[in-house]
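Taking it in order: structure first as structure tokens, then the write-up.
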Amino acid sequence: MKKIYFGTNLKMYKTIRMTLEYLHYLEELTRDIGREGMELFVIPSYTSLERAVENTDRRLVRLGAQNMNWEDEGQFTGDISPVMLKELGLDLVMIGHSERRHVFRETDAEENQKVKAALRHGFTALLCIGETAKDKAYGVSAEVLRTQIKIGFSGVGREEIHRLRVAYEPVWSIGVHGIPATAEYAEKMHREIKKVLGELFGRDGLEIPVLYGGSVNLGNACQLIVQESIDGLYVGRAAWEASAFDRLIRESMEAYGNQTTE
Ligand code: 13P
């Protein structure tokens with residue numbers, strides 16, 4: 001059975017105390033789920049990271065940062081460097097979330113610098129990609145995803161692909177005003193993504209986990225996870241209560257398990 005991935009991005013929510021409580025419950029609730037078939041990760045705010053690392057069993061819950069600069073140090077007021085994140089001992093770094101690209105105007109070339117810096121420092125790099133509603137209306141979603149992947153992973157060697165993850169999050173599907181993508185649409189885009197990963201890295205590229213994100217909830221998680229090219233779910237709002245996330249994970253795994261034994 002292939003491994004499936006569940007992650008949540010806590011965005012600019014939860015204080016340190018709230019994050020620690022959340023992680024504690026999530027760890028306890030999901031403890032009995034075998035990690036050989038499932039990877040679980042949480043991406044808290046910067047201020048919570050140090051305490052989160054100290055208080056979390058990383059065999060159960062991997063931890064990551066929401067963003068970072070590509071330089072080890074320098075005149076980048078307000079930014080965090082890979083060296084600083086390395087000092088905390090994090091597992092992964094998220095790069096190019098839609099809110100970074102669209103609110104903070106980050107470019108594909110910048111995301112590429114960050115991916116390379118993350119790999120250089122031994123992190124797993126989670127590259128987020130996704131087309132806007134306008135791109136979709138023009139019928140250029142596949143082209144946009146292709147560009148984001150080709151530039152985002154430019155210069156990455158085949159030997160590093162076991163430390164790559166992709167999160168496909170259509171911009172129009174994220175957040176309170178988001179419309180979840182249908183499972184069929186998500187699968188179609190995931191196939192496009194896998195095609196590009198195969199072109200870039202050969203057959204091994206198909207092993208890079210590609211997660212779907214954007215208004216994932218209890219009502220659509222099972223339909224999404226059973227799609228052939230969807231390797232995991234990247235969840236926002238529906239995961240921010242540990243018990244709700246635990247239920248979403250269990251129901252998805254059951255749907256996935258049912259599907260593979262049919
Ligand atoms: P929502 O699940 O709240 O739409 O957020 C998804 C997301 O942005 C995860 O990175």
Side-chain angles (χ1 to χ4, degrees), residues 4-14 18-19 22-23 26 39-46 48-49 52 61-68 90-106 111 114-115 118 123-133 135-136 141 144-145 148-149 152 164-183 185-186 189-190 193 209-225 227 230-249 251-252:
I4 54 177
Y5 295 77
F6 295 94
T8 183
N9 164 18
L10 299 184
K11 305 194 182 184
M12 200 173 74
Y13 292 97
K14 294 194 193 290
M18 290 158 84
T19 304
Y22 173 78
L23 284 166
L26 190 62
E39 182 177 304
L40 175 58
F41 65 90
V42 174
I43 317 247
S45 67
Y46 283 130
S48 306
L49 286 175
V61 182
R62 299 183 84 210
L63 291 170
Q66 295 183 11
N67 181 32
M68 69 170 199
L90 293 174
D91 304 298
L92 65 152
V93 179
M94 167 165 60
I95 292 159
H97 187 273
S98 139
E99 288 147 22
R100 298 300 318 171
R101 292 176 187 265
H102 298 284
V103 182
F104 298 99
R105 305 265 161 235
E106 291 184 7
E111 311 310 4
K114 294 181 189 195
V115 167
F123 296 112
T124 291
L126 171 70
L127 179 69
C128 301
I129 57 170
E131 82 282 10
T132 63
D135 297 328
K136 184 168 179 270
S141 304
V144 169
L145 299 178
Q148 291 175 339
I149 297 168
L164 296 180
R165 309 264 188 276
V166 175
Y168 167 55
E169 304 198 289
V171 181
W172 46 270
S173 75
I174 297 174
V176 258
H177 304 297
I179 305 155
T182 61
Y185 183 83
M189 291 304 125
H190 275 242
I193 293 164
V210 185
L211 286 69
Y212 170 80
S215 295
V216 173
N217 57 49
L218 261 184
N220 61 16
C222 295
Q223 289 154 295
L224 287 161
I225 200 64
Q227 301 301 315
I230 297 183
D231 304 310
L233 301 174
Y234 197 28
V235 193
R237 290 156 296 150
W240 295 342
E241 264 201 40
S243 56
F245 196 20
D246 172 59
R247 189 166 159 210
L248 188 148
I249 293 168
E251 289 194 10
S252 306

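Reckoned from all heavy atoms, side chains included, excluding hydrogens, waters and symmetry mates. When a ligand or atom number is given, it counts from 1 through the structure's own listing order. The structure presented is a predicted model; accordingly, all values stated were derived computationally and were not measured.
In terms of the salt bridge (Lys or Arg N to Asp or Glu O under 4.0 Å) criterion, Arg237 has no residue partners (sequence neighbours excluded). Tyr234 is linked by a ring-ring contact (aromatic ring centres under 6.0 Å, His included) to Phe41, counting only residues two or more places apart in sequence or in another chain. For Gln223, the side chain to side chain contact (heavy atoms under 4.5 Å, CB included) test picks out Ala183, Asn220, with sequence neighbours left out.
Ring-plane geometry between His190 and Tyr212 is classed as tilted, the angle between the planes lying from 30 to 60 degrees on a 0 to 90 degree scale.
Ring centroid separation for the pair Tyr22 and Trp240 does not come in under the 6.0 Å cut-off.
Counting non-hydrogen atoms of neighbouring residues, nucleotides and ligands closer than 6.0 angstrom, the CD atom of Glu251 exceeds 12 such neighbours.
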List ligand 1's nitrogen or oxygen atoms that come under 3.5 Å of a protein nitrogen or oxygen, with the partner atom and distance.
| from | atom 1 | to | atom 2 | distance (Å) |
| --- | --- | --- | --- | --- |
| ligand 1 | 2 (O) | Ser215 | N | 3.4 |
| ligand 1 | 2 (O) | Gly236 | N | 2.9 |
| ligand 1 | 3 (O) | Arg237 | N | 3.0 |
| ligand 1 | 3 (O) | Arg237 | NE | 2.6 |
| ligand 1 | 3 (O) | Arg237 | NH2 | 3.4 |
| ligand 1 | 4 (O) | Gly175 | N | 2.8 |
| ligand 1 | 4 (O) | Ser215 | N | 2.9 |
| ligand 1 | 4 (O) | Arg237 | NH2 | 2.9 |
| ligand 1 | 5 (O) | Lys11 | NZ | 3.3 |
| ligand 1 | 8 (O) | Lys11 | NZ | 2.9 |
| ligand 1 | 8 (O) | His97 | NE2 | 2.8 |
| ligand 1 | 10 (O) | Asn9 | ND2 | 3.1 |
| ligand 1 | 10 (O) | His97 | NE2 | 2.9 |
| ligand 1 | 10 (O) | Glu169 | OE1 | 3.1 |
| ligand 1 | 10 (O) | Glu169 | OE2 | 3.0 |

